[in-house]
Amino acid sequence: QVQLVESGGGLVQAGDSLRLSCVASGRSFSPYGMGWFRQAPGKEREFVAAISRTGFTTYYGDSVKGRFTTSRDNAKNTVYLQMNSLKPEDTAVYSCGARGASDYRATPNADDYPYWGQGTQVTVSS
């Protein structure tokens with residue numbers, strides 16, 4: 001079993017930056033692919049970013065490419081989402097997901113992540 005806790009959300013203005021963190025506990029973190037997803041009120045969950053076990057492979061959703069960057073520090077059991085040039089349409093609850101045992105690859109599919117955190121709210125004002 002794994003527990004995920006996100007932090008770093010908040011209220012910012014358009015154009016600002018935020019860095020989200022997701023700390024994993026309960027099992028060794030390093031072998032597994034991790035992903036970030038978001039959900040705004042009344043909308044479906046949207047893929048944001050994913051990162052492989054080593055961090056060498058990353059994927060991004062089209063709406064965040066060039067603005068968001070994901071990274072990980074396996075020694076700290078932590079994955080990060082650096083969000084720059086934030087827009088009001090980035091407003092959502094951001095959640096991190098962890099893949100299952102031996103799943104070291106990054107994937108944009110939410111169904112591939114059996115473990116989820118509670119999420120952190122990001123609100124971007126215009």
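All residue numbers refer to positions in the sequence shown, counting from 1.
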Visitor: Testing the basics here: between G26 and Q3, what is the closest heavy-atom pair and its distance to 0.1 Å?
Guide: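 Heavy atoms of G26 and Q3 come nearest at CA-OE1, 3.7 Å.
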
Visitor: Taking all heavy atoms of V124 and all of T91, pick out the closest pair and write down the distance.
Guide: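 Looking at all heavy atoms of both residues, the shortest contact is N-OG1, 2.9 Å.
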
Visitor: Would you say the side chain of T69 lies within less than 4.5 Å of the side chain of Y60, judging by non-hydrogen atoms?
Guide: yes

Visitor: Do the side chains of L18 and V122 get nearer than 4.5 Å, heavy atoms only?
Guide: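 In contact.
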
Visitor: Minimum heavy-atom separation for A92 to A40, with atom names?
Guide: CB-N, 3.8 Å

Visitor: Indicate yes or no: at least one non-hydrogen side-chain atom of Y59 is less than 4.5 angstrom from one of T57.
Guide: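 SC-SC contact between Y59 and T57 confirmed.
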
Visitor: Locate the shortest heavy-atom distance separating A98 from V2; write the atom from each residue and the value.
Guide: CB-CG1, 4.4 Å

Visitor: How far apart are the closest heavy atoms of L4 and Y115, and which atoms are they?
Guide: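 So the two residues come closest at CD1-O, 3.5 Å.
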
Visitor: Kindly indicate whether the side chain of V93, heavy atoms from C-beta on, has any atom under 4.5 Å from the side chain of F37.
Guide: no

Visitor: First locate atom CD of Q118, then atom OG of S7, and finally report the distance between them rounded to the nearest 0.5 Å.
Guide: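 Reported to 0.5 Å precision, the distance equals 13.5 Å.
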
Visitor: Quick check: do M34 and T70 have side-chain heavy atoms less than 4.5 Å from each other?
Guide: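 In short, these two side chains do not touch, never coming nearer than 4.5 Å.
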
Visitor: Measure from the side-chain N and O atoms of R72 to the backbone N and O of S52, and report whether any donor-acceptor pair falls under 3.5 Å.
Guide: yes

Visitor: Indicate if F47 and W116 have the same hydrophobic cluster label, given that clusters are the connected sets of ILVMFWY residues with side-chain heavy-atom separations under 4.5 angstrom.
Guide: yes

Visitor: Are V79 and C22 side-chain neighbours, meaning at least one heavy-atom pair lies under 4.5 Å?
Guide: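 Contact flag for V79/C22 side chains = yes.
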
Visitor: Can you see which heavy atom on W36 is nearest to which on E6, and at what distance?
Guide: CZ3-CG, 4.1 Å

Visitor: Treating N74 as the side-chain partner and R53 as the backbone partner, does any N or O pair qualify as donor plus acceptor under 3.5 Å?
Guide: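 Yes, the answer is positive, given that a donor and an acceptor are paired below the 3.5 Å cut-off.
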
Visitor: Which one of M83, K87, R38 satisfies the side-chain contact (heavy atoms from CB on, under 4.5 Å) criterion with V64?
Guide: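 Among M83, K87, R38, the one meeting side-chain contact (heavy atoms from CB on, under 4.5 Å) with V64 is R38.
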
Visitor: Please check: side-chain N/O of Y80 versus main-chain N/O of D73, any donor-acceptor pairing under 3.5 Å?
Guide: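 Absent.
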
